[in-house]
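Comments concern the structure below.
Everything numeric here is computed off the predicted structure, so don't read it as measured data. Residue numbers begin at 1 in each chain, while the letters A, B, ... track the order of the sequences.
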2 protein chains.
Amino acid sequence: MTLKPPRKRNADTTKARILDAAQEVFARTSFSDAGIREIATLAEVSTTLLLQYFGTKAGLYEAALNAAMPLAAVLSQPRETFGPALATALLKPGLAIRPPLMMALAAGNAEAATIAARVMEERSIAPLAKWLGPPHARARALEIAALATGLVTYTKHLPLRANTRRDVKHMAEWFAKSVQRIVDATE
Amino acid sequence: MTLKPPRKRNADTTKARILDAAQEVFARTSFSDAGIREIATLAEVSTTLLLQYFGTKAGLYEAALNAAMPLAAVLSQPRETFGPALATALLKPGLAIRPPLMMALAAGNAEAATIAARVMEERSIAPLAKWLGPPHARARALEIAALATGLVTYTKHLPLRANTRRDVKHMAEWFAKSVQRIVDATE
DNA sequence: CTGATAAGTTATCGGTTGATCAGTTAAAAA
DNA sequence: TTTTTAACTGATCAACCGATAACTTATCAG
């Protein structure tokens, strides 16, 4: 039995594979706990190649965070259903939106936090604020981000065994309603 | 000049000093990035003594998290002003309530997350749910916790330079109102 | 076919981390 | 004072991490 069908050499697809692996690991592991060896293994490359492409672990983190921003898709939703749509996207099993998790996890490491704050600002807060419009556009964008981070932290990330499906459902509805309230706010 | 007035030997106050230092460091640094050397230095003890008292770094983390739970003080507030009171307590400069930060930071390390989830459950979610009462007591407690974690993450923790005082003030009011709505919910 | 070049790996290094062992010093008991 | 016990420390270790240098191998233009 041939164990390993070899792989075609291609820098672009390899980089994409590394970014995929990095997103997954950085979304469930803090910056320091995430090891480049683990990411490299998941992407089926050597750590050397990973570093050759992205320079340093921090460089890989920034690239992965940038690549993980799917906000455009969510912002193309109609305003009237933004809240429920975001709730569904965040809680979808498996294919979750990862930045809220990466954001919360970044806060514990100075280097990662600096990178995360910049990327979050440019790729998420600013466009969302622009989409929301006045009044208090930026504050309202931050509030939605805060809601998203809190929701995923307590539903998907912390191993709170006592959480029931009923709890999660109630939280999802509350989240959708809260976000929608922020979107619709006029005063 | 005598640089160091020596210190009276006392295990209890020394343990308290270590716990204080641990709370501070664990509230701004992820579990893995927080070093026992840093905590020991801040507490002015050796790492050896720290480990002798708390066994392992994880043991110290659990003790610090337990000691950092000030929920009782907040729960003695009248129900009608719970939201604003919690907002004030969370955003007070310097003396912040630390568990929401520690909670978010714990999520990135499997060992810390397990400890944090258990402590959070017993010391925060469960009592808060009991205080809230039906309907959906537990889900509503989780929602308040999620709000608190999100708020402190985006106001105090992530280095988002663009945050203005106006933004923070708007978020604080929004937070107070949102929490109060959960407290008052009857349906 | 044949270099040339890009894609990829193996081996290893210095630095840091949590933890341990053996020892020292201060305070209380006798 | 002397003895005993508890508080506390310095030196050190094995394990692991990110990063680097030197090397091999596949792909493709000519």
Side-chain angles (χ1 to χ4, degrees), chain A residues 2-22 25-26 28-64 105-106 108-112 114-115, chain B residues 2-22 25-26 28-65 105-106 108-115:
Chain A
T2 42
L3 283 175
K4 298 208 177 181
R7 198 192 300 275
K8 207 61 179 304
R9 285 192 173 185
N10 182 308
D12 288 339
T13 65
T14 302
K15 283 180 195 172
R17 231 172 42 243
I18 295 173
L19 282 178
D20 274 353
V25 174
F26 281 130
R28 68 173 144 80
T29 321
S30 75
F31 181 73
S32 299
D33 284 294
I36 57 170
R37 284 171 173 82
E38 181 186 359
I39 297 173
T41 301
L42 194 61
E44 298 181 84
V45 296
S46 65
T47 64
T48 313
L49 188 63
L50 184 156
L51 290 173
Q52 183 174 313
Y53 284 150
F54 298 98
T56 64
K57 182 179 166 181
L60 174 62
Y61 177 77
E62 178 161 7
L105 295 179
N109 178 281
E111 188 179 9
T114 304
I115 295 171
Chain B
T2 43
L3 282 175
K4 295 208 177 182
R7 199 192 299 277
K8 213 48 181 314
R9 286 193 172 186
N10 183 308
D12 287 339
T13 65
T14 302
K15 283 180 194 173
R17 230 171 43 242
I18 295 173
L19 282 178
D20 273 353
V25 174
F26 280 131
R28 67 174 143 80
T29 321
S30 75
F31 180 74
S32 298
D33 284 295
I36 58 170
R37 281 169 176 84
E38 181 185 0
I39 297 172
T41 301
L42 194 62
E44 299 182 82
V45 295
S46 65
T47 64
T48 314
L49 187 62
L50 184 156
L51 290 173
Q52 183 173 312
Y53 284 151
F54 298 98
T56 64
K57 181 179 166 182
L60 174 62
Y61 177 77
E62 177 161 9
L65 189 57
L105 295 179
N109 177 280
E111 189 179 10
T114 304
I115 295 171

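B:Lys57 contributes a side-chain N or O that, together with a main-chain N or O of B:Phe31, makes up a donor-acceptor pair within less than 3.5 Å.
Between the NZ atom of A:Lys15 and the P atom of C:dA7 there is a distance of 7 Å, given to the nearest Å. Whole-Å rounding puts the A:Asn10 CG to C:dA7 P distance at 8 Å. Separating the CG atom of B:Leu49 from the C1' atom of C:dT24 is a distance of 14 Å, rounded to the nearest angstrom. Here D:dG18 presents its C1' atom at 15 Å from CD of A:Glu38, a figure rounded to the nearest Å. Distance CG (A:Leu50) to C1' (D:dG18): 11 Å, rounded to an integer number of Å. A:Asn109 places its CG atom 15 Å from the P atom of D:dC17, with the value rounded to the nearest Å.
Residues B:Ser32 and B:Asn109 approach most closely at OG-ND2, 3.4 Å, considering heavy atoms. Annotation for B:Glu111 and B:Ala58: closest pair OE2-CB, 3.2 Å, computed over non-hydrogen atoms. Of all non-hydrogen atoms in B:Glu44 and B:Arg17, the two that sit nearest each other are O-NH2, 3.8 Å. Nearest heavy atom pair, residue A:Leu105 against residue A:Phe26, reads CD1-O, 3.6 Å. Residues A:Ala34 and A:Thr29 come closest through the heavy atom pair N-CG2, 3.4 Å. Of all heavy-atom pairs between B:Ala22 and B:Ala64, the closest is CB-CB, 3.8 Å.
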Next item on the list: Just do the side-chain contact (heavy atoms from CB on, under 4.5 Å) check on B:Leu42 and B:Ile18 with the steps written out, would you?
Entry: CA-CA 8 Å; B:Leu42 194 62; B:Ile18 295 173; over 6 Å; no

Next item on the list: Go along nucleotides 23-30 of chain D 5' to 3' and tag each nucleotide: B for a protein heavy atom under 4.0 Å from its base, S when only backbone or sugar atoms are that close, - otherwise.
Entry: --BBS---

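One N or O donor and one acceptor, one from the side chain of B:Thr48 and one from the base of D:dG10, sit under 3.5 Å apart.
Proximity of A:Thr14 to the phosphate of C:dG8: a side-chain N or O atom is located under 4.0 Å from OP1 or OP2.
Applying the salt bridge (Lys or Arg N to Asp or Glu O under 4.0 Å) test to pairs two or more places apart or on separate chains, those with a residue in residues 28-39 of chain A are A:Glu24-A:Arg28, A:Arg28-A:Glu38.
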Using nucleotides 14-18 of chain C, report all nitrogen or oxygen pairs with the protein that are shorter than 3.5 Å.
{"from": "C:dG18", "atom 1": "OP1", "to": "B:Ala34", "atom 2": "O", "distance (Å)": "3.2"}
{"from": "C:dG18", "atom 1": "OP1", "to": "B:Lys57", "atom 2": "NZ", "distance (Å)": "2.8"}
{"from": "C:dG18", "atom 1": "OP2", "to": "B:Ile36", "atom 2": "N", "distance (Å)": "3.3"}
{"from": "C:dG18", "atom 1": "N7", "to": "B:Arg37", "atom 2": "NH1", "distance (Å)": "2.9"}
{"from": "C:dG18", "atom 1": "O6", "to": "B:Arg37", "atom 2": "NH2", "distance (Å)": "3.2"}

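Checking B:Gln52 against B:Thr47, the closest nucleotide of DNA chain D that is more toward the 5' end is the one next to B:Gln52.
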